[in-house]
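Let me begin by presenting the structure, written as structure tokens, before commenting on it.
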Number of protein chains: 2
Amino acid sequence: MTEKTAQLSKAQAITSEVRRRIVDREWRQGDRIPDEAELAVEFGVARATVNKALQMLAEEGLLDRKRRAGTHVTVNPARKATLTIPIVREQIEGAGLEYSHRVVAQKLSPIPADVALRMSLPEGAELIHLRTVHYGDSQPFQVEDRWINPGAAPGVERIDFHRINANEWLVRNFPWLHADMAFSAENANARDARLLEARQGTALLILQRTTFNDLGAITTVRLAFHPGYQLIATP
Amino acid sequence: MTEKTAQLSKAQAITSEVRRRIVDREWRQGDRIPDEAELAVEFGVARATVNKALQMLAEEGLLDRKRRAGTHVTVNPARKATLTIPIVREQIEGAGLEYSHRVVAQKLSPIPADVALRMSLPEGAELIHLRTVHYGDSQPFQVEDRWINPGAAPGVERIDFHRINANEWLVRNFPWLHADMAFSAENANARDARLLEARQGTALLILQRTTFNDLGAITTVRLAFHPGYQLIATP
DNA sequence: GGCTGCTCTATGTCTATACTTAATGAAACT
DNA sequence: AGTTTCATTAAGTATAGACATAGAGCAGCC
């Protein structure tokens, strides 16, 4: 009968202990906590180890650290949440469903003003416009409306996205340096409703994302999730 | 005329250089990259510094690292996005608007089944139920529907939330250990519509969050944002 | 073939030490 | 009082060295 010890590193152990002291209010919001050297002595580790632990908590938003001023418990912790934006296919298959997708449209078109703005490209530039529906067990899961810039993703003109999912092809071939991302809610328009097999006007969760590499904007995409979809974020 | 050098640490400099090599496809998806020792020699730094840099990129999702197997460029990078959930007041004031809030209801009530489930509490337990509207320059910004568990947040019974915003009071007095968070879209119901001064049925971005400390669930809240609200995430 | 156990390697983690740097608070100077 | 200067302090970063450990791949066994 072996103990199922969680096997924490020393740094992680210190993080949890400090977190516990904050949650149990031994160290109150605004308090200055002992400095790294003192904690190193208390926990019997090197200062570098304490430093690593406290930096993790600072990133988490629980601690405020400043040179010379010391480390304080954040007064109004604006905690951070991480969301992993998975590949649609993996997301669907991960839920135990069978993935399929259908390309509704793929053609070269002049971009409208809002897309030009998001991608920092001249209005009227010709980009590849794609409209795709992603299915899980033949239920519509997500509608994708995407513009791809061949200037930043050379070779894209020759790809047939009926065979390869655009998201995956791009992600595998053109890693990005920077991205803009925004979530919002929209009432399903006629096209969304038709493609998602939902009633027009239904509230849909929308993710709008634009990615850039050193050649400029690669792609911008509007993802409309099926009604009722919940996006889970982990703290 | 001093150079406005970005003042990167060595570890950060290595991160950007490695990121550049990936984006410029000198190192392709799936490739194995040189090991820490080799990179340490190449960049003229200690192995610990390379380790720190590569760990950052691994957290970002660009690299896959395994003992003995080495470091590979991720094939399907499921990149992560961070969202900072700010205090409403700070968010509104940060936009240059004047913050105010109105408590629509504050009373002890038995919790309905869905709330009991989310908070892992017995159905029918009596919690504090709060309904609040937050305004920016007297435009409704967000509607808050919150349940607070006095069992995990002792003292809450005696607080008058007309004077202090519940979110801030909780955040300042009861830091949490764990949280569940989900985003979704809902059509405004009659109450949402009235409180947000919007049309019934309008799509609203909803954030549902439950926080826990070592005594159990502290609070669960459903935040409905005003129509058109965009939540920005940073990669 | 298929399984077992060993070996060796690349990453994971920690330590002790050192130097750098922001910024505080006080002293010195208008 | 208001301002500038400056020493001091705590965090930030880097280093060389060490040991731990997962796990890929091989060898040998049935």
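All heavy atoms count here, side chains included; hydrogens, waters and symmetry mates do not. This is a predicted model, so every value here is computed, not measured. Chain letters run A, B, ... following the sequence lines, proteins first and then strands; every chain starts at 1.
By the 4.5 Å heavy-atom criterion applied to side chains, B:F174 and B:W169 are counted as neighbours.
Between the CE atom of A:M56 and the C1' atom of D:dG12 there is a distance of 16 Å, given to the nearest Å. The nearest whole Å value for the distance from the CG atom in A:L63 to the P atom in D:dA10 is 16 Å. Spacing between atom CG of B:L39 and atom P of D:dT15 amounts to 14 Å, rounded to whole angstrom units.
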Between protein and nucleotides 6-16 of chain C, map the contacts as a letter string: B base, S sugar-phosphate only, - none, heavy atoms under 4.0 Å, written 5' to 3'. --BBBBBBSB-
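Applying the side-chain hydrogen bond (donor to acceptor under 3.5 Å, both in side chains) test to pairs two or more places apart or on separate chains, those with a residue in residues 40-54 of chain A are A:R21-A:E42, A:E36-A:R47, A:E36-A:N51, A:N51-A:Q55.
With A:W176 as the aromatic partner, B:R79 meets the cation-pi criteria of under 6.0 angstrom to the ring centre and within 45 degrees of the ring axis.
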From CA spacing to verdict: salt bridge (Lys or Arg N to Asp or Glu O under 4.0 Å), A:E26, A:R20: CA-CA 9 Å; A:E26 291 172 25; A:R20 189 198 62 72; 3.0 Å; yes
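For A:E157, the CD atom sits in a packed shell: over 12 heavy atoms of surrounding residues, nucleotides or ligands are nearer than 6.0 Å.
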